[in-house]
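Beneath this line is the structure, given in structure tokens, with notes to follow.
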Amino acid sequence: MPASTQQPEQILKTTFGYEQFRAPQREIIDELMAGRNCLVLMPTGGGKSLCYQIPSMLREGVGIIVSPLIALMQDQVDALRELGVRASFLNSSLSPEAQRDVVHALRQGQLDMLYVAPERLNQESTVQLLHSLPIALFAIDEAHCVSQWGHDFRADYLQLSRLQEEFPEVPRIALTATADANTRVEIAQRLGLVDAKHFVSGFDRPNIQYRITQKQNPRQQLLRFLRREHERDAGIVYCLSRKKVDDTAAWLVTQGFDAVPYHAGLSAEQRAHNQQRFLREESVIVVATIAFGMGIDKPDVRFIVHLDLPKSLEAYYQETGRAGRDGEPATAWMVYGLQDVIMLRQMMDGSQGNETFKRVERAKLDAMLGLCEITSCRRHALLHYFGEPGPETCGNCDACLNPVPTWDGTQSSRKALSCVYRTGQRFGVNYLIDVLLGAESDKIFQNNHHVISTYGIGKEHNGNAWRSVFRQLVARGYLSVDHATYGGLHLNEKSRGLLKGEHSIALRIDVQEPSAKPERKTRHKQAIADADKDLWEALRQCRKQFADDNDVAPYVIFHDASLMDMVHYRPLNEAQFLGISGVGQSKLEKYGAAFLEVIRLHEDGSTV
Ligand code: ADP
Ligand code: ZN
């Protein structure tokens, strides 16, 4: 492909259908256009792809994009072809004939972009092939895979360091969404980008609304959440055990949802089938263990549910981060309760491994529990944990939207702690609550606990309120859980301070989720009003038809944001249709007529 005289803005508009570059995109493109290297750290959904796609189209030669996500290359290339971009990929999934065709197209200068797996790029034959071609740039996507300390390390990525020696004149750009500073340094060193310009965007995902709520009747809570907020959306529901995954998926189906299970106990075919349905269809819910997610690049995942507590904030952030890659509003919703806290604490203390390892695990769990129990902004706490300073409030988490009331729980906490002490530091929560409430149970009489000083001293609260007190005490480390005695609680250093009256403690008042749907802070979307639901569904139907006909995922035809724009602006002719975000020349030609027809029919229907 010879160098183009077009401006990046023109390509942005005519090919991608967007009006403006986002903050660092234009600057990054300029660097590459000038033949310089870059290291880009941008959160998921920030818009990394355009940074190398546009220079690949403008510079002479083909842009080589290295990606470890072989399963996604087909979709990425499909999406580009829909835009009229000449893209292909080379990986082990292609037949020898198909590979020959790609090489032929490369030699003929017919490609703007080529996606390759790292192991392919490392083959001598590929290197030789590339030496015989003009190369626009090398883009190394998911560049954190080069870091040996990260959890996605790929040995093949290490050899990418040879690119700088073999092709010193070709600009290189490495991209990742992994924020931590050590990983970034390692990427720069290993890929020869120490002197390159670094573009570091914040880690925040403003379109994700974080909500954590007390577990009461989790299935009913989930049902209410889905029906009220995500009736026909795609999402992921995470559970800890395979059995719970299977049960939950089956139950959601009986409730009218299109849910499929995903866990390591299913056959490879079943897993692939369920994953494919999730990617290709619009309203599929995957109920999964943590085995599901790596490399899921579906842009329109609208919600992530956790029915069980993740083990760390790292896991929580990564899992919730799979929502809303398209920048549209998405929800991260979790329920958690006393049993989660006790079980995880127990698991951790009983786990194998040396003391140092356990200490790290425990600290991570504490941070996770801390997030559940805080009464201030969740986003602030999350970002703070990852070392990113930010505003104290975000306006788009449950704590900001519905400030959490607290009460002075010092007296009650002391009663709870002393009840633990008086009963010998070996009983579980239910028994302790019975003692506090003065219950007349055989077990209490047998143990002679009806004569101790804490028997019946807690009648000012009911059982649920006491459960809340105990949960918060365990979560905040005022009580330890014994793994040998089935969840017996005992005191620790921290509890002694509280017991002795050295300090006080404020506890959350657990409230049910407010019944009104919380307001959303949106980046660029207007929510679909009830009156527009019909048009919205008709447009989705039209998109689905094209997706099925072309055997691609619906978002390859149009992203939700584009359909949303159509609902909002009601374009009635081609010129107006071009004004829709995500509509460029190629999509206008392929789909303009059909979608305009849907809108026209709807307008006619609604004016009679
Ligand atoms: P990342 O790779 O950083 O996760 P993508 O490159 O997939 O993000 O972009 C996320 C979404 O934002 C995509 O839907 C993309 O089309 C859209 N996008 C990117 N840049 C722009 C822009 N300048 N204007 C509007 N939408 C954009
Ligand atoms: Zn907030």
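Note that these values count all heavy atoms, side chains included, but never hydrogens, waters or copies made by symmetry. As the structure lists them, so they are numbered: ligands from 1, and atoms in each ligand from 1.
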Any heavy atom of Pro43 sitting closer than 4.0 Å to ligand 1?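 Flag set, Pro43 near ligand 1.
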
Exercise. Salt-bridged, Lys298 to Asp300, with N to O below 4.0 Å?
Worked result: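 Answer for the salt bridge query: yes.
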
Original post:
Would you say ligand 1 has an N or O under 3.5 Å from any N or O of Met42?
Top reply: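 By distance alone, the answer is no.
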
(message) With respect to Gly47, determine whether any N or O atom, backbone or side chain, lies less than 3.5 Å from an N or O atom of ligand 1.
(response)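 By distance alone, the answer is yes.
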
Nearest neighbour of [atom] from the list [options], on a heavy-atom basis:
atom                    : options                     : answer
atom 20 (N) of ligand 1 : Arg26, Gln53, Gln25         : Gln25
atom 3 (O) of ligand 1  : Lys48, Gln76, Arg22, Glu328 : Lys48
atom 11 (C) of ligand 1 : Gln20, Arg325, Glu142       : Arg325

Parallel, tilted or perpendicular, as decided by the 30° and 60° cut-offs, for the rings of Phe595 and Phe546
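Parallel, since the angle between the ring planes stays under 30°.
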
For Tyr316 and Tyr210, take the angle between the two ring planes, folded into 0 to 90°, and tell me which bin it lands in: parallel under 30, tilted 30 to 60, perpendicular over 60.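 It falls in the tilted class, 30° to 60°.
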
Practice problem: Pull out every atom of ligand 1 sitting under 4.0 Å from any heavy atom of Phe21, numbered as shown with elements. | Solution: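 Result: 23 (N).
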
Go through ligand 1 atom by atom and flag the ones less than 4.0 Å from a non-hydrogen atom of Leu50.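 Near Leu50, meaning under 4.0 Å from one of its heavy atoms, ligand 1 has 19 (C), 20 (N), 21 (C).
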
Query raised in the report: Near Glu574 CD, under 6.0 Å, is it more than 12 heavy atoms from other residues, nucleotides or ligands?
Result: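 Check fails, neighbour count at 12 or below.
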
For ligand 1, which part of [X] has a heavy atom less than 4.0 Å away: the side chain, the backbone, both, or neither?
X      : value
Ser581 : neither
His559 : side chain
Tyr18  : side chain

Taking the Zn ion (ligand 2) as the vertex, what is the angle from SG of Cys394 to SG of Cys400, given to 10 degrees?
->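 It comes to 120°.
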
query: Can we call the ring centroids of Tyr591 and Phe577 under 6.0 Å apart?
result: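 No: the rings miss the under 6.0 Å criterion.
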
So does Cys397 have any N/O/S atom less than 2.8 Å away from the Zn ion (ligand 2)?
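Yes, Cys397 qualifies, because one of its backbone or side-chain N, O or S atoms lies under 2.8 Å.
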
